[in-house]
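Heavy atoms only: backbone and side chains are in, while hydrogens, waters and symmetry mates are out. Remember, it's 1-based here, ligands and their atoms both numbered in the order they're listed.
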Amino acid sequence: MKIISSIEELRDQMRGQLRTSFVPTMGNLHEGHLSLMRLARKHGDPVVASIFVNRLQFGPNEDFDKYPRTFQADVEKLEKEGVYVLFAPTERDLYPEPQEFRVRPPDDLGNTLEGEFRPGFFTGVTTVVLKLFSCVQPRVAVFGKKDYQQLMIVRNMSKQFALPTEIIAAETFRAADGLALSSRNAYLSPEERIEAPVLYQTLNEVADEVRSGHLDIWELERKAMAKLADRLWKPDYISIRRRSDLQPPSAGDIANKEPLVVLAAAKLGVTRLIDNLEI
Ligand code: PAF
């Protein structure tokens with residue numbers, strides 16, 4: 001595997017490659033990321049991964065400085081997956097001057113759910129993803145459904161800018177007890193790790209209620225938030241949305257069995273976890 005940090009060198013290396021499959025990451029790789037690499041391999045060749053902890057998508061009080069950085073272990077894992085190039089730019093490589101041009105997602109998609117609780121987050125994500133796409137020039141790129149809203153925003157960006165990159169969605173990789181794998185799980189204490197699967201269990205309970213015909217989604221959301229709060233979680237949201245545009249469904253949407261997704265974000269101790277489940 002070639003490890004490349006400069007954009008110029010990456011361009012030289014990738015010249016003439018027409019079927020590149022790309023997986024952008026912020027490192028601290030776990031099985032979930034490796035499943036993205038395997039899916040990428042099915043959709044193209046060569047596979048390029050990137051590791052870049054993108055300052056633009058972290059708020060001033062978020063965990064940019066303490067975000068886990070495990071570069072050597074990540075390299076070994078990517079080598080085993082047969083990744084062809086690891087693009088690992090430094091901040092100076094990717095942002096040699098202040099990144100003043102930004103890509104701002106539309107308000108209805110970018111300022112709801114995660115966007116409401118993490119202002120500027122999606123602008124940081126789309127800006128770096130567009131820049132990484134411009135460096136790697138992939139034919140396909142793989143994003144996990146764990147970050148459901150991110151996946152939808154990147155997909156819409158790619159479509160609206162007519163980028164030549166198809167966005168592939170990968171299913172969420174879960175531990176045996178249901179907890180979605182995430183780099184931030186590393187912050188959980190042993191007791192919190194035992195409690196953490198309750199988030200996914202709660203999503204399943206909400207989904208079951210909707211499937212069995214419960215129409216009052218506001219009441220379902222309220223009950224689910226109260227359950228987490230009783231267990232000492234601090235929920236930001238549990239929200240049932242239309243899969244198509246992540247807007248709240250109308251009564252008619254629910255009656256007509258419009259495809260839905262329930263999304264959640266909640267803090268357990270100092271760790272903020274997100275998850276979702278398609279209904
Ligand atoms: O999902 C992530 O790890 C990041 O948001 C991404 C897509 C690599 C952009 O920094």
For Tyr67 and Asn54, test the side chains for any donor-to-acceptor distance below 3.5 angstrom and give the result as yes or no.
no
Those atoms of ligand 1 less than 4.0 Å from some heavy atom in Val128:
9 (C), 10 (O)
For Arg184, run the side chain to side chain donor-acceptor pair (under 3.5 Å) check against Asp63, Asn28, Thr271 and tell me which one passes.
Asp63
Side chain, backbone, both or neither: which applies to Thr25 and ligand 1 if a contact is any heavy-atom pair less than 4.0 Å apart?
backbone
In the protein, which heavy atom is nearest to atom 3 (O) of ligand 1, and how far is it?
Met26 CG, 3.7 Å
Which of the atoms of ligand 1 are close to Gln150, meaning less than 4.0 Å from one of its heavy atoms?
1 (O), 2 (C), 4 (C), 5 (O), 7 (C)
Could you give the distance from CG (Leu94) to CD (Gln99), rounded to the nearest 0.5 Å?
7.5 Å
Distance under 6.0 Å and angle within 45° of the ring axis: does Lys131 meet both against Phe52?
no
Which residue holds the protein heavy atom closest to atom 9 (C) of ligand 1, what is that atom called, and what is the gap in Å?
Gln57 OE1, 3.4 Å
When you check the side-chain N and O atoms of Glu278 and Tyr148, is any donor under 3.5 Å from an acceptor?
yes
